[in-house]
Student: 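The structure's right below; bear with me while I get my questions together.
This structure is a prediction, so every number in the text was calculated from the model and none was measured. In what follows, residues are counted from 1 in the order of the sequence shown.
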Amino acid sequence: QVQLVESGGGLVQPGGSLRLSCAASGSIFSINAMGWYRQAPGKQRELVAFIPSGGSTNYADSVKGRFTISRDNAKNTVYLQMNSLKPEDTAVYYCNANLRVLRSQELYTYWGQGTPVTVSS
């Protein structure tokens, strides 16, 4: 089993910053990629950013230049630094990991429970 535990969400003023963390634990063999998704009420879930094993980073156009995704491989942890937050960033943010578990060649997708982010004055 694999667990993803997220933290760092909360209430922040427009223009403020938050740093989200997601730690993966369990029977992990290798992590192909980790990413952050978000879902606002009444809207579809969207990809915010992801970082594959090769270390490259990818961002949605709506957050590019404001958000930074990074990782700590030793801790199986991915971070999302969010700066210059806007009200439209308000959503539940979900950590996602695409990985291989021990003794398996298949890739599996795991999700965190989600951490809410509210940007409001």
Side-chain angles (χ1 to χ4, degrees):
Q1 289 285 105
V2 174
Q3 300 82 40
L4 303 181
V5 180
E6 301 145 321
S7 62
L11 175 65
V12 66
Q13 300 269 48
S17 298
L18 284 174
R19 183 176 175 85
L20 306 183
S21 300
C22 173
S25 63
S27 301
I28 300 170
F29 177 76
S30 63
I31 298 178
N32 181 50
M34 299 186 77
W36 290 95
Y37 291 73
R38 68 185 182 188
Q39 187 167 21
K43 297 183 178 180
Q44 293 185 343
R45 181 180 60 190
E46 64 174 343
L47 176 66
V48 177
F50 72 94
I51 180 167
S53 59
S56 62
T57 57
N58 303 85
Y59 301 92
D61 289 341
S62 59
V63 307
K64 195 169 186 177
R66 300 187 297 120
F67 292 10
T68 302
I69 189 170
S70 61
R71 65 182 181 180
D72 185 334
N73 292 329
K75 299 179 180 179
N76 286 333
T77 299
V78 64
Y79 305 94
L80 185 68
Q81 178 67 47
M82 305 186 293
N83 299 325
S84 301
L85 283 162
K86 305 174 181 179
E88 51 262 44
D89 295 318
T90 297
V92 177
Y93 284 71
Y94 296 92
C95 179
N96 170 274
N98 185 244
L99 53 80
R100 290 179 172 87
V101 298
L102 294 175
R103 299 173 297 279
S104 177
Q105 299 299 310
E106 295 183 82
L107 287 167
Y108 295 89
T109 298
Y110 293 87
W111 293 90
Q113 190 172 357
T115 184
V117 172
T118 301
V119 185
S120 176
S121 59

Student: For R66 and L85, work out which heavy atoms get closest and say how close.
Tutor: NH1-CA, 3.9 Å
Student: For this output row, return yes or no: ring centroids of F67 and W36 closer than 6.0 angstrom.
Tutor: no
Student: State the OG-CG distance between S104 and L99, to the nearest 0.5 angstrom.
Tutor: 10.0 Å
Student: Answer with yes or no whether the hydrophobic clustering places V119 together with M82; edges join I, L, V, M, F, W, Y residues whose side-chain heavy atoms lie under 4.5 Å apart.
Tutor: yes
Student: Do I31 and N76 have side-chain heavy atoms sitting under 4.5 Å apart?
Tutor: yes
Student: Just wondering, are more than 12 heavy atoms of other shown residues or ligands nearer than 6.0 Å to CD in Q1?
Tutor: no
Student: Determine the minimum heavy-atom distance between N98 and T109, stating which atoms define it.
Tutor: ND2-OG1, 3.3 Å
Student: For the backbone of P87 and the side chain of T90, can you confirm whether one donor and one acceptor N or O come within less than 3.5 Å of each other?
Tutor: yes
Student: Has R100 got a side-chain atom pairing as donor or acceptor with Q105's backbone, closer than 3.5 angstrom?
Tutor: yes
Student: What side chain to side chain donor-acceptor pair (under 3.5 Å) pairs are there with at least one residue in residues 41-54, not counting sequence neighbours?
Tutor: R38-E46
Student: Begin with the C-alpha distance, continue with both residues' side-chain angles, and end with the deciding distance and a verdict on side chain to side chain contact (heavy atoms under 4.5 Å, CB included) for Y93 and T115.
Tutor: CA-CA 5 Å; Y93 284 71; T115 184; 4.3 Å; yes
Student: So, T77 side chain and K75 main chain: donor-acceptor pair closer than 3.5 Å or not?
Tutor: yes
Student: Measure across Y59 and T57 and return the closest heavy-atom pair with its distance rounded to 0.1 Å.
Tutor: CE1-OG1, 3.6 Å
Student: Answer yes if Y94 and L47 sit in the same cluster of Ile, Leu, Val, Met, Phe, Trp and Tyr residues linked by side chain heavy atoms under 4.5 Å apart, and no otherwise.
Tutor: yes
Student: Which atom pair, heavy atoms only, marks the closest approach of N58 to S56?
Tutor: OD1-OG, 4.2 Å
Student: Write down the atom of I28, the atom of L102, and the distance for their closest heavy-atom approach.
Tutor: O-CD2, 3.8 Å
Student: Which pairs would a plain distance check flag for residues 4-26, meaning a side-chain donor or acceptor within less than 3.5 Å of a matching protein atom at least two apart in sequence or in another chain?
Tutor:
{"unit_1": "E6", "atom_1": "OE1", "unit_2": "Q113", "atom_2": "N", "d": "3.1"}
{"unit_1": "E6", "atom_1": "OE1", "unit_2": "G114", "atom_2": "N", "d": "2.4"}
{"unit_1": "E6", "atom_1": "OE2", "unit_2": "C95", "atom_2": "N", "d": "2.3"}
{"unit_1": "S17", "atom_1": "OG", "unit_2": "N83", "atom_2": "OD1", "d": "2.9"}

Student: Could you tell me the separation between the CZ atom of F50 and the CG atom of N32, rounded to the nearest 0.5 Å?
Tutor: 10.0 Å
Student: Indicate yes or no: at least one non-hydrogen side-chain atom of V117 is less than 4.5 angstrom from one of V92.
Tutor: no
Student: Do N96 and Y110 come close enough that some side-chain heavy atom pair is under 4.5 Å?
Tutor: no
Student: Report yes if the side chains of I69 and I51 come closer than 4.5 Å at any heavy-atom pair, otherwise no.
Tutor: yes
